[in-house]
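Hydrogens, waters and symmetry mates are skipped; everything else that's a heavy atom, side chains included, is used. Note that ligands are numbered from 1 as they come in the structure, with each ligand's atoms numbered from 1 the same way.
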Amino acid sequence: MTDILLQARDQVLERGAGLDEAQVLEILRLPDERLDETLSLAHEVRMRWCGDTVEVEGIVSIKTGGCPEDCHFCSQSGRFETPVRAARLDIGSLVEAARETAATGATEFCIVAAVRGPDDRLMEQVGDAVAAIRDAVEINVACSLGILTEAQADELQAMGVHRYNHNLEAARSHFTSVVTTHTWEERRATLELVRERGMEVCCGCIVGMGETLEQRAELAAQLAEVDPHEVPMNFLDARPGTPFADMPPVEAADALRAIAAFRLAMPRTVLRFAGGRELTLGDLGARRGMLGGINAIIVGNYLTTLGRDPQDDLDLLGELSMPVKELQRTL
Ligand code: SF4
């Protein structure tokens, strides 16, 4: 049988066809001695099919905490005793956050709410916020507001929302061990609504929630099937008070292998370093990830955990000679 990295070189690098589930699993099972080789192939694939630019995004929470859902990794669920307190942000603060984000060179600004799905009041607030930001700041506005109805998807499109984030989070076969208050299929349906409205689909996951390697490969294949414009890759950062509080962090080598494998499954997607990378990979690992298939980052803080100083990330991109992607005039 041909070696999986040779297969991937021909199939993914030369022909641009992503690896399937069985092939991803082979990548995830490669020994540590082959990690450098794997990362370097994933990097070549990224450079060939996505180019050298890095997409920078900022995120801000319009409504934090108090969510009725029970996603076991999430400190914003109102069902768990976590230190996160419910809070809402006003429009002025959102515009200011968008302005600060744009000043880092970022092209995407994502407004996030901890909800099952938006109610009328939240839709109204988001509408006001999107209009105010688009008026004052040159940046694409994205939203992450949970499960949508058809009418809400229409409204977001009419507001000029450029991209919508809704993560699958976990493989379908693992989902009920992670969330019991809604289904994987409900998440998947929202992604279709978003795509049908012509908004860019951002659909990510969390690695390290007790899944097997087979389920990690399944997740990569299911994400590839969604064919998202962007995949934010999170690594579990176990939050106190949540059901996953005692889960150990993903080993750095496994995290890097997962990054490379996801890149080889999705050669053209924007693959973004999201939450948990500092814990799992540290500074050195961040560099290896950027040279192992990642082509987008979130600057500043995540929703409930602190990230690195934005300047550290921008300095790293400078050292790696990776230019920050400029805003295309889609506004
Ligand atoms: S991940 Fe989203 S839907 Fe799930 S508990 Fe957290 S905020 Fe609620």
To the nearest 0.5 angstrom, please state how far the CE atom of Met123 sits from the CD atom of Glu155.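 The CD atom of Glu155 is 4.0 Å from CE of Met123, to the nearest 0.5 Å.
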When rounded to the nearest 0.5 angstrom, what distance separates SG in Cys205 from CE in Met233?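 Separation between the atoms: 5.0 Å.
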Taking atom types as modelled, is there a side-chain donor on Glu21 or Gln222 under 3.5 Å from an acceptor on the other?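 Looking only at side-chain atoms, Gln222 and Glu21 do not form any donor-acceptor pair under 3.5 Å.
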Val115 contact mode with ligand 1 (heavy-atom cut-off under 4.0 Å):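 Backbone only; the side chain of Val115 stays clear of ligand 1.
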Protein residue, atom and distance nearest to atom 6 (Fe) of ligand 1, heavy-atom basis: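 Protein heavy atom with the smallest distance to atom 6 (Fe) of ligand 1: Cys74 SG, 2.3 Å.
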Between Arg263 and Asn295, is the side chain to side chain donor-acceptor pair (under 3.5 Å) condition met? List the steps. CA-CA 10 Å; Arg263 167 55 70 204; Asn295 68 333; 3.1 Å; yes
Within a radius of less than 6.0 Å around CD of Glu124, do more than 12 heavy atoms belonging to other residues, nucleotides or ligands occur?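 No.
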Close-contact set for ligand 1 against [X] heavy atoms, below 4.0 Å:
| X | answer |
| --- | --- |
| Phe73 | 1 (S) |
| Ala114 | 7 (S) |
| Cys67 | 3 (S), 5 (S), 7 (S), 8 (Fe) |

Please evaluate residues Leu191 and Leu168 with respect to the criterion side-chain contact (heavy atoms from CB on, under 4.5 Å), reporting the C-alpha separation (whole Å), side-chain torsions for both, the decisive distance (0.1 Å), and the verdict. CA-CA 9 Å; Leu191 295 167; Leu168 284 180; 3.9 Å; yes
Would one find an N, O or S atom of Cys71, in either backbone or side chain, under 2.8 Å from atom 8 (Fe) of ligand 1?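 Under 2.8 Å: Cys71 has no N, O or S contact with atom 8 (Fe) of ligand 1.
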Distance flag for atom 2 (Fe) of ligand 1, protein heavy atom under 4.0 Å: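 Under the 4.0 Å cut-off, atom 2 (Fe) of ligand 1 has no protein heavy-atom neighbours at all.
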